[in-house]
Amino acid sequence: MAVHGIVATDAELDHTLGILLMREAGKLQLYCTDAVRWILERDSRILPVTKAFAEVTVAGMEMGKAMDLKYMDGSGSGLSVEPIKVPAGPPRFASEAGDGHTVGLVVQDLASGGSCAFFPGCGDLTPALLERLAETDLLLFDGTFWTDDELAALGISQHSARDMDHLPVSGPGGSLAQLTALHRPRKVYTHINNTNPMLLEDSPERSTVVRAGLEVGADGMTFMV
């Protein structure tokens with residue numbers, strides 16, 4: 001199946017380097033906020049490099065406003081996407097922190113009305129954000145780290161999860177305790193680092209997640225909303 005477009009939640013390298021791999025497609029549609037576009041153009045230079053090989057069309061997304069996603073020929077895909085601002089800093093290499101440099105996405109099926117919230121990087125859960133997530137049918141949420149000091153405890157880095165704008169799953173104020181209170185959406189952890197023990201199916205951390213009514217994402221999962 002052909003790729004008709006890319007929606008970027010931020011300009012971090014591990015989320016956007018794949019754009020360069022699409023350069024030989026000839027044409028590319030990119031949906032992102034103005035702040036993300038600025039970083040991709042001026043700081044990482046991913047857009048200018050890609051434009052040297054392909055025709056790139058950038059559609060600017062406005063915070064809190066749904067935008068219909070189009071196929072390459074301009075016809076409707078049947079999906080809309082709404083960017084939601086999340087608590088997080090810009091990439092380390094960004095020259096400025098524009099409004100909307102990091103967002104989550106609410107994707108809606110225009111025919112069924114079903115919605116999926118995709119938040120791969122989120123530094124905190126505010127009351128307003130929790131209220132918005134409670135309105136969706138499926139939530140794919142940042143499960144990068146189990147504890148705030150996960151990398152330091154393993155001797156990998158001195159940066160905490162919160163330093164890196166990832167709310168840890170466990171602990172006081174962690175995402176698990178807060179998301180458990182949401183009753184409507186099906187809740188699945190995604191964007192999981194390989195140091196996170198909840199990846200192990202027989203771990204106590206996995207059992208804790210399952211008992212709380214959440215799921216740990218895995219390759220090949222499909223969802224219907």
Short question: side chain of [X], backbone of [Y] - any donor-acceptor pair under 3.5 Å?
{"X": "Gln178", "Y": "Gly173", "result": "yes"}
{"X": "Ser203", "Y": "Pro197", "result": "yes"}
{"X": "Thr136", "Y": "Pro185", "result": "no"}
{"X": "Asn196", "Y": "Gly143", "result": "yes"}
{"X": "Thr190", "Y": "Gly217", "result": "no"}
{"X": "Ser160", "Y": "Asp149", "result": "no"}
{"X": "Gln29", "Y": "Ile6", "result": "no"}
{"X": "Arg23", "Y": "Phe53", "result": "no"}

All salt bridge (charged side-chain N to carboxylate O under 4.0 Å, His left out) counterparts of [X], not counting sequence neighbours:
{"X": "Arg162", "value": "Asp148"}
{"X": "Asp99", "value": "Lys85"}
{"X": "Arg42", "value": "none"}
{"X": "Glu215", "value": "Arg186"}

Could you pull out the closest heavy-atom pair between [X] and [Y], with the gap in Å?
{"X": "Asp142", "Y": "Gly121", "value": "OD2-CA, 3.4 Å"}
{"X": "Thr33", "Y": "Gly100", "value": "OG1-O, 2.7 Å"}
{"X": "Met61", "Y": "Val81", "value": "SD-CG1, 3.9 Å"}

Going by the ring pair (Phe, Tyr, Trp, His ring centres under 6.0 Å) test, which pairs reach into residues 205-225, not counting sequence neighbours?
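Not a single pair qualifies under ring pair (Phe, Tyr, Trp, His ring centres under 6.0 Å).
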Under a 4.5 Å cut-off applied to non-hydrogen side-chain atoms, are [X] and [Y] in contact?
{"X": "Leu151", "Y": "Thr195", "result": "yes"}
{"X": "Met22", "Y": "Ile19", "result": "no"}
{"X": "Val58", "Y": "Cys32", "result": "yes"}
{"X": "Thr57", "Y": "Leu30", "result": "no"}

Enter the distance from [X]:[atom1] to [Y]:[atom2] here, rounded to the nearest 0.5 Å.
{"X": "Leu28", "Y": "Met72", "atom1": "CG", "atom2": "CE", "result": "6.5 Å"}
{"X": "Glu205", "Y": "Thr147", "atom1": "CD", "atom2": "OG1", "result": "9.0 Å"}
{"X": "Lys187", "Y": "Ser175", "atom1": "NZ", "atom2": "OG", "result": "11.0 Å"}
{"X": "Ser170", "Y": "Glu150", "atom1": "OG", "atom2": "CD", "result": "8.0 Å"}
{"X": "Ser77", "Y": "Lys70", "atom1": "OG", "atom2": "NZ", "result": "8.0 Å"}
{"X": "His15", "Y": "Glu12", "atom1": "NE2", "atom2": "CD", "result": "7.0 Å"}

My understanding is that only residues two or more places apart in sequence, or in another chain, count here; which of them pass side chain to side chain contact (heavy atoms under 4.5 Å, CB included) with Arg211?
Ser207, Thr208
With Asp43 via side chain to side chain contact (heavy atoms under 4.5 Å, CB included) - residues at least two apart
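For Asp43 the side chain to side chain contact (heavy atoms under 4.5 Å, CB included) partners, ignoring immediate neighbours, are Trp38, Ile39, Phe93, Ala94, Ser95.
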With distance as the sole criterion, is a donor-acceptor pair present between the side chains of His159 and His166 under 3.5 Å?
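Per modelled atom types, His159 and His166 side chains form no pair under 3.5 Å.
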As a quick check of understanding, evaluate side chain to side chain contact (heavy atoms under 4.5 Å, CB included) for Leu40 and Thr16, giving each step before the final call.
CA-CA 8 Å; Leu40 293 176; Thr16 56; 3.9 Å; yes
Who clusters with Leu179? Use side-chain heavy atoms, under 4.5 angstrom, across I, L, V, M, F, W and Y, and order the result by chain and number.
Ile84, Val86, Val106, Phe119, Leu125, Leu129, Leu130, Leu133, Leu139, Phe141, Trp146, Leu167, Val169, Leu176, Leu182, Tyr189, Ile192, Met198, Leu199, Val209, Leu214, Val216
Working note: Leu105 + Glu82, criterion side chain to side chain contact (heavy atoms under 4.5 Å, CB included); need CA distance, chi angles, decisive distance, verdict.
CA-CA 6 Å; Leu105 305 172; Glu82 175 190 351; over 6 Å; no
Are there more than 12 heavy atoms of other residues, nucleotides or ligands under 6.0 Å from atom CG of Asp73?
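Counting other residues, nucleotides and ligands, CG of Asp73 exceeds 12 neighbours.
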Do [X] and [Y] share a hydrophobic cluster, counting only Ile, Leu, Val, Met, Phe, Trp and Tyr and linking them when any side-chain heavy atoms are less than 4.5 Å apart?
{"X": "Met67", "Y": "Val3", "value": "no"}
{"X": "Val210", "Y": "Met221", "value": "no"}
{"X": "Phe145", "Y": "Val188", "value": "no"}
{"X": "Met63", "Y": "Val107", "value": "yes"}

Apply side chain to side chain contact (heavy atoms under 4.5 Å, CB included) to the pair Leu47 and Arg37, showing each step before the final yes or no.
CA-CA 8 Å; Leu47 272 183; Arg37 178 176 183 169; 4.1 Å; yes
Check Lys51 with Glu41, please: is the shortest side-chain N to carboxylate O separation under 4.0 Å?
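Yes, this pair counts.
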May I have the list of side-chain donor-acceptor pairs in residues 110-118 shorter than 3.5 Å, sequence neighbours left out?
from: Ser112; atom 1: OG; to: Gly114; atom 2: N; distance (Å): 3.1
from: Ser115; atom 1: OG; to: Asp137; atom 2: N; distance (Å): 3.4

Non-neighbouring partners of Tyr71 that pass ring-ring contact (aromatic ring centres under 6.0 Å, His included), sequence neighbours left out
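For Tyr71, the residues satisfying ring-ring contact (aromatic ring centres under 6.0 Å, His included) (neighbours in sequence not counted) are His4.
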Please list all pairs meeting salt bridge (Lys or Arg N to Asp or Glu O under 4.0 Å) that have one or both residues in residues 165-182, counting only residues at least two apart or in different chains.
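For residues 165-182: none.
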Please identify each residue that fulfils side chain to side chain donor-acceptor pair (under 3.5 Å) with Asp124, with sequence neighbours left out.
none
Are Leu79 and Asp68 close enough, and set up right, to give a side chain to side chain contact (heavy atoms under 4.5 Å, CB included), and what steps lead you there?
CA-CA 6 Å; Leu79 299 174; Asp68 290 350; over 6 Å; no
